[in-house]
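Working notes, beginning with the structure itself.
Just so it is clear, the values below take in all heavy atoms, side chains as well, and ignore hydrogens, waters and symmetry mates.
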Amino acid sequence: MEILHTVFSPTRLVTSADLPALRRLCDQCVGTGLYSETDLRELLARPDGVCVVQEDGEGQLAGYCLGFLTSAAEAADIIKQSAADISLWAKTPQPVVGICKSLGVDEGHRGRGLALELQGYCAEAMLSRGADLLFGVAWRQGTSIPVAQTLLALGFTYLCDSQHVWYDAAGLDCPVCKQPRCVCPAAIFVKRSGNL
């Protein structure tokens, strides 16, 4: 039996040339329409953004991780928790919060450690830029949380479930709940800056 080894590129920052392929990979991994090319371009333009990818040996995107730094107020809006609770969890009144917004790996490349490498790179980059606290926003698919093992391996801990995290994503064709507005809960994971 021949064992095939795929060589992946080093994790690198997303460029504007990656955006069409990145949008297609996002559609495949998290549901069609969650991120438009415009959404991705705006995230890429954020000075506090950390958007990374890896390519397979043929130069095709194999995986991505999208994150950014923000305030407790913006983080509260994203994870559907209170800004006061976020400040309490961070143990500082005005925390810098990192949001690990999306992680995806092409189906043909799963099970090879890409998610761990991409999420780890993104988390380390945000912590090195001054994040007091990181949140991993994970899609709960029934009783399964596909990214849970990755987040736990990187020192995140499960915090809570949040409702309606993707409800306002009007263009999303949710592959899980199949509702016109996504009603899937998100599992929220947290990592404090001292947990590296």
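- Side-chain contact between Asp56 and Leu61 is absent, with no heavy atoms from C-beta onward closer than 4.5 Å.
- By the ring-ring contact (aromatic ring centres under 6.0 Å, His included) test, Phe68 is found to be paired with no residue, residues two or more places apart in sequence or in another chain being considered.
- Side chain to side chain, Thr11 and Gln54 meet the donor-acceptor criterion of an N or O pair below 3.5 Å.
- Side-chain contact between Thr157 and Lys191 is absent, with no heavy atoms from C-beta onward closer than 4.5 Å.
- Remark: Ala148 pairs with Ile145, Phe189 by the side-chain contact (heavy atoms from CB on, under 4.5 Å) rule, at least two apart or across chains.
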Subject >> Worked check of side chain to side chain contact (heavy atoms under 4.5 Å, CB included) between Leu69 and Arg129 >> reply: CA-CA 8 Å; Leu69 297 176; Arg129 292 181 183 182; 3.6 Å; yes
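- Smallest separation of non-hydrogen atoms from Gly67 and Met126: C-SD, 4.1 Å.
- Here salt bridge (Lys or Arg N to Asp or Glu O under 4.0 Å) pairs that include residues 135-153, with residues two or more places apart or in two chains, are Arg140-Asp161.
- With hydrogens and angles ignored, the 3.5 Å screen pairs a side-chain donor or acceptor of Arg192 with a backbone N or O of Trp89.
- A distance-only check finds a donor-acceptor pair linking the side chain of Ser128 to the backbone of Ala125 [under 3.5 Å].
- At a threshold of 4.5 Å between non-hydrogen side-chain atoms, the residues Asp106 and Leu25 count as touching.
- Looking only at distances, no side-chain donor or acceptor of Asp132 sits under 3.5 Å from a matching main-chain atom of Ala90.
- Residues Leu19 and Val14 are in side-chain contact: their nearest non-hydrogen atoms beyond the backbone lie under 4.5 Å apart.
- Using a distance-only test at 3.5 Å, with no hydrogens or angles considered, a donor-acceptor pair links the side chain of Ser82 to the main chain of Asp85.
- Applying the salt bridge (Lys or Arg N to Asp or Glu O under 4.0 Å) definition to pairs two or more places apart or across chains, those involving residues 58-79 are Arg46-Glu74.
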Subject >> Test side chain to side chain contact (heavy atoms under 4.5 Å, CB included) applied to Leu22 and Leu66, step by step >> reply: CA-CA 11 Å; Leu22 178 58; Leu66 309 175; 4.3 Å; yes
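- In this structure, Tyr158 and Ile188 have side chains that are not in contact, with every pair of non-hydrogen atoms separated by 4.5 Å or more.
- Distance SG/Cys51 to NZ/Lys101: 10.5 Å, rounded to 0.5 Å.
- Among all heavy-atom pairs drawn from Gln163 and Pro185, the shortest one is NE2-CB, 3.6 Å.
- Without hydrogens or angle criteria, Lys91 side chain to Leu88 main chain gives no donor-acceptor distance under 3.5 Å.
- For Tyr64, the side chain to side chain donor-acceptor pair (under 3.5 Å) partners at least two apart in sequence or on another chain are Ser102.
- Considering only residues two or more places apart in sequence or on other chains, Ala73 meets the side-chain contact (heavy atoms from CB on, under 4.5 Å) condition with Ser71.
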**OP:** Given side chain to side chain contact (heavy atoms under 4.5 Å, CB included), test Gln141 with Cys177 step by step and report yes or no.
**Re:** CA-CA 8 Å; Gln141 299 175 3; Cys177 72; over 6 Å; no
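- A 4.5 Å side-chain heavy-atom check between Gln119 and Cys100 finds at least one atom pair inside the cut-off.
- Here the shortest heavy-atom pairing between Gly130 and Val96 reads O-CB, 3.5 Å.
- Residues passing the salt bridge (Lys or Arg N to Asp or Glu O under 4.0 Å) test with Arg12, sequence neighbours excluded: Asp18, Glu55.
- Legend: ring-ring contact (aromatic ring centres under 6.0 Å, His included) pairs involving residues 137-156, not counting sequence neighbours, sorted by first then second residue: Trp139-Trp166.
- Residues satisfying the side chain to side chain donor-acceptor pair (under 3.5 Å) criterion with Ser36, sequence neighbours excluded, are Asp39.
- With a 4.5 Å cut-off between side-chain heavy atoms of Ile, Leu, Val, Met, Phe, Trp and Tyr, the cluster of Tyr167 takes in Val183.
- Sorted by first and then second residue, the pairs that involve residues 23-37 and meet salt bridge (Lys or Arg N to Asp or Glu O under 4.0 Å), not counting sequence neighbours, are Arg23-Asp27, Glu37-Arg41.
- Taking each heavy atom of Cys174 and Cys184 in turn, the nearest pair found is SG-SG, 3.7 Å.
- Residue pairs that meet the salt bridge (Lys or Arg N to Asp or Glu O under 4.0 Å) test with at least one member in residues 59-68, sequence neighbours left out, do not exist here.
- Taken from CG in Leu154 to CD in Glu124, the straight-line distance is 9.0 Å, to the nearest 0.5 Å.
- The number of heavy-atom neighbours closer than 6.0 Å to CD of Gln94, taken from other residues, nucleotides and ligands shown, is 12 or below.
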Subject >> Pair Ile86-Ile79, side chain to side chain contact (heavy atoms under 4.5 Å, CB included): steps then yes or no >> reply: CA-CA 10 Å; Ile86 291 172; Ile79 69 169; 4.0 Å; yes
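- Put simply, CG on Leu43 and OH on Tyr35 are 8.0 Å apart, with the number rounded to the nearest 0.5 Å.
- Here the closest non-hydrogen pair linking Leu151 and Ala138 is CD1-CB, 4.4 Å.
- With contacts defined as side-chain heavy-atom distances shorter than 4.5 Å, the pair Val97/Ile99 qualifies.
- In this structure, the separation between CG on Asp168 and CZ on Arg181 is 6.0 Å, given to the nearest 0.5 Å.
- You'll find the side chain of Thr32 stays beyond 4.5 Å of the side chain of Leu172, heavy atoms only.
- No donor-acceptor pair closer than 3.5 Å links the side chain of Ser162 to the backbone N or O of Ala186.
- To the nearest 0.5 Å, atom CG of residue Leu103 and atom SG of residue Cys122 are 8.5 Å apart.
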